[in-house]
Amino acid sequence: MSRFFATGSDSESEESSSADEITPKAPGTTFKQSLLLSDDEEDTKRVVRSAKDKRFEELTNLIKTIRNAMKIRDMAKCLEEFEQLCRAFLKSKNIVDKEGVPPFYIRLLADLEDYLNQLWEDKEGKKKMNKNNAKALSTLRQKIRKYNRDYETEIAAYKENPQESADEEEEKEPEDSGASSESETEDGDEGVSAKAFLKKKPEAAPEASKFLKSAKGSGDESTSSDEDDDEDWGSDTVDSGSESSDEGEGKSASLAVVFLKKTHDADKSSEKKLGKKKKPKKKERLEEEAEEEGGEEVEGGWEKVKGGVPLVKEKPKMFAKGTEINTAVVVKKLNEILQARGKKGTDRAAQIELLHALAAIAAENNLGQGILVKIKFNIIASLYDYNPNLAAFMKADMWKKCLDCIDELLDILFENNNIFIGENIAEDSENLGISDQPFRVRGCVLTLVERMDEEFTKIMQNTDPHSQEYVDNLKDEGRVCGIIDRLLTYLENKGSTEEICRVYLRRIMHTYYKFDYKAHRRSLGLQGETKSEQDQEESEGEDSAVIMDRLCKFIYAKDRTDRIRTCAILCHIYHHALHSRWYQARDLMLMSHLQDNIQHADPPVQILYNRTMVQLGICAFRQGMIKDAHNALLDIQSSGRAKELLGQGLLMRNMQERNAEQEKIEKRRQVPFHMHINLELLECVYLVSAMLLEIPYMAAHEFDARRRMISKQFHHQLRVGERQPLLGPPESMREHVVAASKAMKMGDWRTCHSFIINEKMNSKVWDLFPETQRVREMLVRKIQEESLRTYLFTYSSVYDSISMETLSEMFELEIPTVHSIISKMIINEELMASLDQPTQTVVMHRTEPTSLQNMALQLAEKLGSLVENNERVFDLKQGVYGGYFNRDQKGGYQQKQSYQRDQKGSYQQKQQGYQRGGYRNQNQGNY
């Protein structure tokens, strides 16, 4: 019988009902029921999101990624994500057409364009970017400018009032999220997932409503505070109390009540909306406060720090209060600072500042120049160590500091003669304190200056040669040379012979490649043209030739190391050649015998040797020594690697042959741009020299089968010119030389002259020489002479006799010159002719074979070689070794002079001379 119809008092029924309620049910049953409910609901109900939400969420996620990339200046990531954003926006075109372009999208486009423009204007920042980021920046900038043209009006509206646009966007976002949270809560009420139970386990509360509420509370993704949760639990208990008091309802009713709490949820969701609206405002206020404070540190706030080296906030105190500052204390402190040198995490800039501070303290307390010199040595060493990478070059500020420190150090050494410095002084025997004894400091100024010179070379190597920065850096060379001169003066008094040779070589290396215009002007008698007093003082200074002669001769006499002497000789030859002192340069090169063993030298010396040989060849060309010029330039030009051999750049085709480490080493060997030799001038000089030698030779040996090539490169250029299907007017320097060669071949010296010397060739090549006019006159003379020789070789078979006066008029040469050229040709048996003095004519002798005879001779030679090869092959097959292998008993070759064909058709062999063929012995002469 049901307890509702049982008789008894009201109190009894209340007690029994309360007792029934208090009796705990097995939690498993409730758990099962709720699980069953959630499973059923899961099958039937899913969370449905609109296409608009999906597309806009995808866009916002990509925008977040782009903004993060903007914060860290990752341009490559920005570019990649922007391209994805454009594609995603294109996909959502239908939604955008209905709803309009979302404000957050316009906001990003405007911000991104402003950000990119700001980065583009920051020149320093662009230099620090890596290659990928810089490339991505320019690409992205072009794309965004092109893309934003379609949204100019929206972007302009946003820029006019960015705050309102931002507020509208923020209002829309919470509404969307509020709507989504409502749908989530509704779905959560109807279908409870198993994850909810795993997230929040039920405690001692047995009702199903508690489980459902806890699942809903934990499954809700909206940002709810702990107080909201407490309110939920409170309302649940109240509701459960009312449920239990209603005795007219059953168990199913108690479960159904749970799903009827929609009004409370709606109120709560509206509260959440308001909360979400308030939060962005609060965030904006915090940002405004932070901006007003101007980056001041707030307690508990964030502090910006730079990555990499740890920041030194406070300068460490050098000495404690009341410490007596003396030499020993300063040395101890100096050693403490130096102990951190080279360790990981050491702030090298701070270390340099500490050493400067220590030097200032030593100077204030008058501890003597000895300790000051020691600290200066360590400051300069620390400046060199600032870049731990060998390949890296010093920054401009560090370079200026370094020069200043070396100047200060030399000032101290010049002012105080009682300071002795040297590498051989041990640290224990140093005398840094003020006493009767002279100061003794361990160190070497020469090493510091040599390192400074190397750093200057590295700075020049790593600067763009076509920029103003290169010119500014090059101005420092005067200061570098000044420091080297000061050190030279110091070491001449106090240095050893070896040190003097080393510093002399440094001075030579800064002098040998510079043309001395003042000395050249003086030699031409143009000294009166200098107007200012400063120019006159400079022009009265010592000639570079005298300086080079003095420094080099000292090294020749005193140096014990081959390397310094070799470098000095090469620089001396280079300087002679540069100033057109051909005979001194040539004699010094021949006497030094450097060409015999230069292949064993190190690469920098080999590069210097190549540069010297090239300069020697150019000097010979200027002097009209065409054959010497060709011989000097042959090795460099025939290799096809002139640029690499002269240390003026790496060839791309050889990049595969070398690894990254070798490439770095070779880049360090490159000569700075201001020391380069013009490669086009070099090639032009070589090709013109080859033309003046090769064309007459080709004309003289036109039908000679054994004709050799003087210059392979020149012949290659001729073949390239012949292969061209359409011959237009020459443009490049090579085409000019090829066209001139063809004209010379025909004996047309005027056309040849017009191709070699014209405005284009003058600007490219001939105007680069110091004595331009003299070189042009020499070239015209050489072209006339060689054209005359070529004409006589080519057309001698046509003439019986020719007047020298006619030749003189044709080639615009003096008659004695024509006479001299023809006489030399006759003496050297190049021309079969004789001179008739009374009539001043050249009489040709018909001893030269005709073209048919020449061809017959060539055929006979080829048949002879064919027979010889045939015999060798036959010998190898028969196993009888004759010909070259036919030795006599003594092991020598049998001597034969030649073959004579007798009447029987056999070859009779004469004695004396080596047998060139034949496998039979002397008794078997027939084939």
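The figures here come from the full heavy-atom set of this structure, side chains too, leaving out hydrogens, waters and symmetry mates.
- The shortest distance between side-chain heavy atoms of Ile573 and Ile569 falls below 4.5 Å.
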Report task. Evaluate salt bridge (Lys or Arg N to Asp or Glu O under 4.0 Å) for Glu499 paired with Arg502, printing each intermediate quantity in order. Result -> CA-CA 5 Å; Glu499 287 178 332; Arg502 279 164 64 190; 5.5 Å; no
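- Ring centroids of His466 and Phe673 are separated by less than 6.0 Å, placing the two rings close together.
- With ring centers used as reference points, Tyr513 lies under 6.0 Å from His674.
- Salt bridge annotation for Asp472-Lys475: present, with a cationic side-chain nitrogen under 4.0 angstrom from a carboxylate oxygen.
- Shown here are the side-chain hydrogen bond (donor to acceptor under 3.5 Å, both in side chains) partners of Asp587, two or more places apart in sequence or in another chain: there are none.
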Query - Asp453 vs His510, side-chain hydrogen bond (donor to acceptor under 3.5 Å, both in side chains): CA-CA, chis, key distance, verdict - result: CA-CA 10 Å; Asp453 197 24; His510 279 280; 2.6 Å; yes
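- Glu455 has a carboxylate O that lies under 4.0 Å from a charged side-chain N of Arg451, or vice versa, which qualifies the two as a salt bridge.
- Annotation: side chain of Phe515 is not in contact with side chain of Ser544 (no heavy-atom distance under 4.5 Å).
- The CG atom of Asp559 sits 13.0 Å away from atom OH of Tyr504, with the distance rounded to the nearest 0.5 Å.
- With hydrogens and angles disregarded, a donor-acceptor distance shorter than 3.5 Å links the side chain of Asn758 to the backbone of Met761.
- Closest heavy-atom contact between Phe621 and Met778: O-CE, 2.9 Å.
- In this structure the side chain of Tyr470 never reaches within 4.5 angstrom of the side chain of Asp464, judged on heavy atoms.
- Rounding to the nearest 0.5 angstrom, the gap separating the CG atom in Asn678 from the CD atom in Gln648 is 8.5 Å.
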Query raised in the report: Checking side-chain hydrogen bond (donor to acceptor under 3.5 Å, both in side chains) for the pair Tyr686/Ser711: CA distance, chi angles, key distance, verdict?
Result: CA-CA 9 Å; Tyr686 174 74; Ser711 168; 2.9 Å; yes
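- Among pairs with a residue in residues 617-636, those fulfilling side chain to side chain donor-acceptor pair (under 3.5 Å) read Ser580-Arg622, at least two apart in sequence or across chains.
- Taking the salt bridge (Lys or Arg N to Asp or Glu O under 4.0 Å) definition, one finds that Arg563 meets it with Asp602, sequence neighbours left out.
- Residues Glu683 and Met733 have side chains in contact (heavy-atom distance under 4.5 Å, counting atoms from C-beta outward).
- Between Thr497 atom OG1 and Arg560 atom CZ the span is 6.5 Å, to the nearest 0.5 Å.
- Note: Met548 CE to Cys571 SG = 5.5 Å, rounded to the nearest 0.5 Å.
- The cationic atom of Lys395 (NZ for Lys, CZ for Arg) lies less than 6.0 Å from the six-membered ring centre of Phe393 and within 45° of the ring axis.
- A cation-pi arrangement, defined by a distance under 6.0 Å to the six-membered ring centre and an angle within 45 degrees of its axis, is absent between Arg776 and Trp766.
- Around the CD atom of Glu759, the shell of radius 6.0 Å holds no more than 12 heavy atoms that belong to other residues, nucleotides or ligands.
- Residue Glu694 holds its CD atom at 8.0 Å from CE of Met709, rounded to the nearest 0.5 Å.
- Rounded to the nearest 0.5 Å, atoms CD1 (Ile555) and NE2 (His572) are 10.5 Å apart.
- Just one residue in the list Ser741, Cys684, Pro730 forms a side-chain contact (heavy atoms from CB on, under 4.5 Å) with His736, and that residue is Pro730.
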